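Notes follow once the structure below has been shown.
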Amino acid sequence: MTEIFGREGDDAPASPRSPGTRPRSPLSGPRLAGRVSVRQLARAVLLGIVAVLALAFQPPDASAREGRQLATAGAQTSAQAPYPRTAVRAAHPPQPREAAAPERTGAQGEDQFPVLLGSAAGVLLLVAGGAALVGWRLRRQTGGVRPAEMRRKYDHHDAVLHAVREGVLILGSDGRLLLANDEARRLLELPADAERCPVADLGLEPQLSALLASGRAATDEVLLAGDRLLAVNVRPTAPSGRPAGTVVTLRDTRELRALAGRAGVAQERLKLIYDAGLRIGTTLDVGRTAEELAEVAVPRFADVVTVELLEPVLRGDEPTVGANAELQRMAVKGVPEETAIYRVGEVIRYVPGTPMATGLASGRPVLVGDLPASDAWRQQDPDGTQRVLDSGIRSLITTPLQARGVVLGLANYWRSGASGTFEEEDLAFAEELTARAAVAVDNARRYTREHTTAVTLQRSLLPQTLPEQSALAVAHRYLPAHAGVGGDWFDVIPLPGARVALVVGDVVGHGLHAAATMGRLRTAVHNFSALDLPPDELLNHLDELVTHIDTDEARAAGLGTGADPGTGTGTGGRGVLDGAGTGAGGREGDPAGVPGHLGRTGITGATCLYAIYDPVTGRVTLATAGHPAPAVIGPAGSVSFPEVPVSPPLGLGGSVPVETAELTLSEGSRLVLYTDGLVENRDRDIATGLELLRTALAAGADRTPEETCTAVLDAMLPAHPSDDIALMVARTQLLDPARVAEWEVPSDPAAVAPVRAACLRMLESWGLAAIDFTTELILSELITNAIRYGAQPIRVRLLYDRALICEVSDGTSASPHLRRAATTDEGGRGLFLVAQFAHRWGTRYTPGGKVIWTEQSLDGDRPEPGPDATEDVLDQWDDVPAL
């Protein structure tokens, strides 16, 4: 039985016949046979003790009475003998009769004790032997198992007989059926009295009967039993050393196939859920995520899948489900799209009472097992639903896309009649599959919201339109990164003297923080440009600004700045040196000797290139702070990358001074400025990118700036940009030399009148006589001030561009200041008058001094004072006699 039924659990004691285990004696442990033997022996001992005690404590009067009875019986017997007297006398001397009786009686009573003790011992031995025999028999029959173990075996036996869903037969060595459980009786249709019958008499199929009678082992042999095909397993067994038998197990192969089918479906659905986790949500695009859900579910779960999302989800907003909620169909997968009720992109408003409207309102999946019989579904669109039915669709599960308790849309799973209808058990799986997709859709929705916000901010901070100017023909492109906007920017800033500044920069990182920082830096560049600073000075000021931004944000974040050289304690943060988050920390004993401020946590980090183009000379003055140098395309189409002094990125505290470079460009040359996202990404290094850029730029010598931008992006833009890209192409133009006039002015007040007269003649030749009076006043004031307060060399230059530009330069750096003169002051009204008549005016410093400049509109949009008012003002000028 041990070998047939096994034990309950792994901790059951081993059988006495198990290898390595010495058999126990009947009294060596709490075995069933031992317990029976001990109990029988105890009963025998107790019986013997009671018998001896009963004899030992028998009352004396009873012994005397028995003696007298024995003596009387003996006397009577002697008296009746034939020769009593002679016999008595001959054998023994005569003795008194009364004395002899007690002696004989007492002797007989004493002789009974050994007999009784011997009898008790014999009984005890007999009982003990019987107990030992019984224990031996029980031990042999039970295999020496304990009572608790026997109880467990009985429970197992009962389970095999009645509960196990597998047929079990036990056959004896003689081929008779010893045991058949309920499942075996059902499968083989055995009669009630089948046990103890030979296998050949059970009425089984010949092949099955022959296998059972043969006693050979078999594994999953499929044999016929009535109308069933059974998988038969046969194993020999010899429990507890008794004659060998056979254990047979039986399973209906049809039931096995059904079970295997259910297991296969479960396994396939688990794999589908796993694949959904890998394939859904690969992008942060709500439309693509909806398509991925449809692609995963068809055809492994449904024949057709349609996905609709609520309209606010597409904008990144959090939707609310109302009675008139509008959804947009984002994906159709399965049958051709023309069989669908609505096309991809159409807006849907579900009629109340339809399965879709019910699912949206309840947030629970809805099963329609028989679509042809569903009136609620048909009322949405009778004609369209009929087209769906004509295509073979017969059942539907509509499941809300729900994440964080918010319904985002619907996923509709459709099956045709050939695939079988959906059942109730499919609802849970559809809900699980849709829930995984809903999380991805929600992530994409939230990203869309943040991305839209960042892009809106980014584009609002970038130039909306380029300013009008004559020096350069400019085209530009800005492309945000696929993963989000960054901090790239560009700018075109008109400067005094018909010059133009070109700016391109890049803030490290992505998102709102980078976009906001970019806006701050662009504003700062505009402000510094208003001071007409040279490129190197402007970048130095910008570097200080970034340093302050970093310091303030580091303090706000509770981070160390590591500002002490050589002992910085910063963590490196986002490295501004390599733009990849690996900036070197200023550590004590750094073998590279990196200054400690490089170890400051780089919260901002930015690069910038600032170039000033002068259309009078064709000269470009530029400086770069960690930014790639520009490319230059010559008029003939040659491409070069001029060497520009390398300076550290912005925010490093001015550790290395910024240096400038000057280029002289022929008219028609193209200056190409870009950010590193164009030439460098995770798939190519910057050297490869620059070579690709050279090839793209050299392909067309006569392209316009717009065509050049398009060609560069077509050749170099990756499918999924990991960094945003700013590109600007500027074609140079020179100011006509005929529109430039310049004079040297001696340090003599008498020289003012001849120079003023020459300027008026030039204005007349340019056709600007309408503004000659105001120009005369402006030049008189500026030249007189230069002679009185300045130093040689003094020059006057007129530029005829979009405005008339008057420039007076001298060799000092002292700058005039506009003030309002009191009525009693003799002077101080000159600059005030200049400011009134000029459209703009200002001061520009040069290495040799300064330039005072004014701009006058050519269309006369500023009203000119009348002659009488002008004469009143001239009377108050302190320099009028010099005119």
Side-chain angles (χ1 to χ4, degrees), residues 457-458 461-462 485-491 493 501 503-531 533-557 559-565 568 570-586 594-611 622-628 645-660 673 675-677 723-724 726:
L457 175 61
Q458 174 87 352
L461 295 175
L462 289 173
V485 299
D488 289 14
W489 89 92
F490 62 91
D491 227 326
I493 305 173
V503 188
V504 62
D506 184 2
V507 176
V508 175
H510 296 86
L512 291 175
H513 180 271
T517 303
M518 177 273 293
R520 298 172 68 178
L521 296 184
R522 178 170 179 256
T523 301
V525 170
H526 270 270
N527 293 335
F528 295 142
S529 297
L531 300 177
L533 299 175
D536 55 342
E537 292 187 24
L538 185 142
L539 290 182
N540 284 330
H541 286 296
L542 199 62
D543 176 76
E544 293 180 6
L545 174 64
V546 174
T547 301
H548 287 306
I549 293 175
D550 271 1
T551 302
D552 294 341
E553 294 188 359
R555 289 172 179 169
L559 301 174
T561 60
D564 294 334
T571 59
R574 285 176 303 187
V576 295
L577 291 181
D578 58 8
T582 57
V594 181
H597 57 262
L598 295 182
R600 173 172 37 81
T601 300
I603 295 179
T604 302
T607 64
C608 184
L609 184 149
Y610 188 85
L622 71 158
T624 175
H627 202 85
V646 177
S647 300
L650 301 173
L652 298 185
S655 59
V656 179
V658 178
E659 300 183 44
T660 61
L673 286 74
T675 56
D676 60 354
D723 194 7
D724 46 348

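This one's a predicted model, so the numbers in the text were calculated from it and none came from an experiment.
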What distance separates [X] [atom1] from [Y] [atom2], expressed to the nearest 0.5 Å?
X    : Y    : atom1 : atom2 : result
L545 : I549 : CG    : CD1   : 4.0 Å
D536 : T660 : CG    : OG1   : 5.0 Å
T517 : R522 : OG1   : CZ    : 15.0 Å
E537 : L531 : CD    : CG    : 10.0 Å

Considering all heavy atoms, the nearest [X]-[Y] contact:
X    : Y    : answer
P645 : T624 : O-CG2, 3.6 Å
V508 : A514 : O-CB, 4.2 Å
T607 : P649 : CG2-CB, 4.1 Å
G651 : V546 : CA-CG1, 3.5 Å

Any side-chain heavy-atom pair of [X] and [Y] under 4.5 Å:
X    : Y    : result
L462 : M518 : yes
F528 : L539 : no
L650 : C608 : yes
L538 : S529 : yes
I493 : V525 : yes
D724 : Q458 : yes

Q: Return yes if a side-chain donor-acceptor contact under 3.5 Å exists between H526 and D491, otherwise no.
A: yes
**Q.** Side-chain H-bond candidate by donor/acceptor type, D506 with T675, under 3.5 Å
**A.** no
Q. For W489 and L521, what are the C-alpha separation, side-chain angles and deciding distance, and is it a side-chain contact (heavy atoms from CB on, under 4.5 Å)?
A. CA-CA 9 Å; W489 89 92; L521 296 184; 4.0 Å; yes
